Structures are given as C-alpha cells and as structure tokens.
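Structure first, then comments.
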Amino acid sequence: DGGITQSPKYLFRKEGQNVTLSCEQNLNHDAMYWYRQDPGQGLRLIYYSQIVNDFQKGDIAEGYSVSREKKESFPLTVTSAQKNPTAFYLCASSMAGNSYEQYFGPGTRLTVT
Amino acid sequence: QQPVQSPQAVILREGEDAVINCSSSKALYSVHWYRQKHGEAPVFLMILLKGGEQKGHDKISASFNEKKQQSSLYLTASQLSYSGTYFCGTGGTGNQFYFGTGTSLTVIP
C-alpha cells in the first residue's frame, strides 16, 4: 500500500535537546512538506522540498532544519534554538507544484518539558 | 500571506447547509480544501485550479473566484460525519503553499 508514514506518534524530550522527526513516503512524490500545528490553530509551513537535495524555508523555519537526500525521506530536526517546540507536526507529500493534492502522514505530537 | 477563512466556527443541525469562505491577499493559481478531525491528519476534499470549473462530489462542492482571490466551500444537507475543521490551502505561481486559518464545523443531531 502506498502512503506516507511518520514516526514516532508521540515524542517527549527535555529542553535543550535536538530531536529528529521521521517522514517517509512511497508514493513516488517529488514534493514534501513539514507543517506545525498548535492547539486550535491552522497549519503553518516550516520547510518544503520540490526535489531531492533542494529545500526552501517556509514561514516558521527558525529553529528547525531538514534534509532531502532521498526522494522518499524528508526528516525534520527540531533544534534547541526553537523557542516553543511543543506542537503537532505533520508531514505531507504531493506531486510537484500546487496543482496536486497533498497526502498527509498521521503526525507526530512532540512535547518538550 | 495566510488566507483568511470565515466563519471561524459554525454549528449546524443535521440536514442544514453551510458555506465556508476563503480569501487571499495574493493572486491564486489553485485552491485546495481539506477536512481535519480532532487529533488526525487533514484529508483532501477537492482542488480548484485557475480557469477551472466548479468542483464537487456528493453534497460538498466549491467555487473559485480568481478575480476576487476567493473560494467558497458549500456543504448541503449536512451529516454528522461532516464535523471537523475545514482548511483551505492556496498556491500561487510559485511553489509555496499556505493553509487558511480554519473553520470549525459541528453538526448536531
């Protein structure tokens, strides 16, 4: 079955630690996205990538980093520089461009204390 | 650059209709609509492209006014399963994509 997976579903970390969230897709999509969602809020774009080895910052990239070494994978690292990292993180993929629907993974709920 | 949705929240009785609006300050090439249930990932409903036709399936349809940079989602004869938060997503001619502020829809028996 084709799809997009994120792991883990829940993640707990202490302040000051970097943490990497996994996102893998087997849909053969060129584009991948990371969004952050806070309670009762919309989705805000952190980073996106339209092709392997290339990615662009979204609106709230500060304190985050990504890599896109393989088409299937787009991991997100939440660094200690991110002031308020506790949130629900969603990864999505699509065919390249804005004319195609985005498929979302189940999300990772990160809690930093 | 985030599109604005209205209303922020709406409560309907089963069988009633609703309209959710999405407005952008930037020129749009595409508008997507998604529904998200609490604690779950958003699920795609439909996409409208510049110059395209009004889309719809079953009792959910949408329109796209390119000149006004607006889109509307129409839900008719609402069902309990329609409850959730609805997001529009907008793309311009570049690759960046913005989700709207969201509209919480609750359908009660």
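Numbered from 1 within each chain, the chains take letters A, B, ... in sequence-line order. As the structure is a computational prediction, the values presented were derived from the model and not from experiment. Side chains included, hydrogens not; waters and symmetry mates left out as well; all remaining heavy atoms used.
In this structure, B:Ile20 is a member of the same hydrophobic cluster as B:Tyr82, with clusters built from ILVMFWY side-chain heavy atoms closer than 4.5 Å. Hydrophobic clustering places B:Leu45 together with B:Leu75 (ILVMFWY residues linked when any side-chain heavy atoms are closer than 4.5 Å, directly or through intermediates). At a threshold of 4.5 Å between side-chain heavy atoms, the hydrophobic network of Ile, Leu, Val, Met, Phe, Trp and Tyr places A:Leu21 and A:Tyr64 in one connected group.
Only the side chain of B:Gln36 comes within contact range of chain A, with heavy atoms under 4.5 Å apart. Heavy atoms of A:Gln102 lying under 4.5 Å from chain B belong to its backbone as well as its side chain.
For a heavy-atom cut-off of 4.5 Å, chain B lies close to A:Gly105, A:Pro106, A:Arg109 in residues 105-113 of chain A.
By the 6.0 Å contact criterion, OH on A:Tyr89 is enclosed, its count of non-hydrogen atoms from other residues, nucleotides or ligands being greater than 12. By the neighbour-count criterion of 12 heavy atoms within 6.0 Å, atom NZ of B:Lys26 is sparsely surrounded, having that number or fewer from other residues, nucleotides or ligands. Dense packing is recorded around NZ of B:Lys37, with more than 12 heavy atoms of other residues, nucleotides or ligands lying under 6.0 Å away. Atom CD of B:Gln79 has more than 12 neighbouring heavy atoms from other residues, nucleotides or ligands inside a 6.0 Å radius. Residue A:Ile51 places its CD1 atom among 12 or fewer non-hydrogen atoms of other residues, nucleotides or ligands, all under 6.0 Å distant.
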A:Phe104 vs B:Tyr34, side-chain contact (heavy atoms from CB on, under 4.5 Å): CA-CA, chis, key distance, verdict: CA-CA 11 Å; A:Phe104 283 84; B:Tyr34 294 80; 3.9 Å; yes

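Looking at A:Leu43 and B:Phe87, their side chains come closer than 4.5 Å, going by heavy atoms from C-beta outward. In this structure, the side chains of B:His32 and A:Tyr100 stay at 4.5 Å or more apart for every pair of heavy atoms.
The six-membered or imidazole ring of B:Phe99 lies near that of A:Tyr35, with a centre-to-centre distance under 6.0 Å.
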Which atom pairs, one a donor and one an acceptor, fall under 3.5 Å between side chains of residues 7-19 of chain A and the rest of the protein, sequence neighbours left out?
residue, atom, partner, partner atom, Å
A:Gln17, OE1, A:Lys14, N, 3.2
A:Asn18, OD1, A:Ser80, N, 2.9

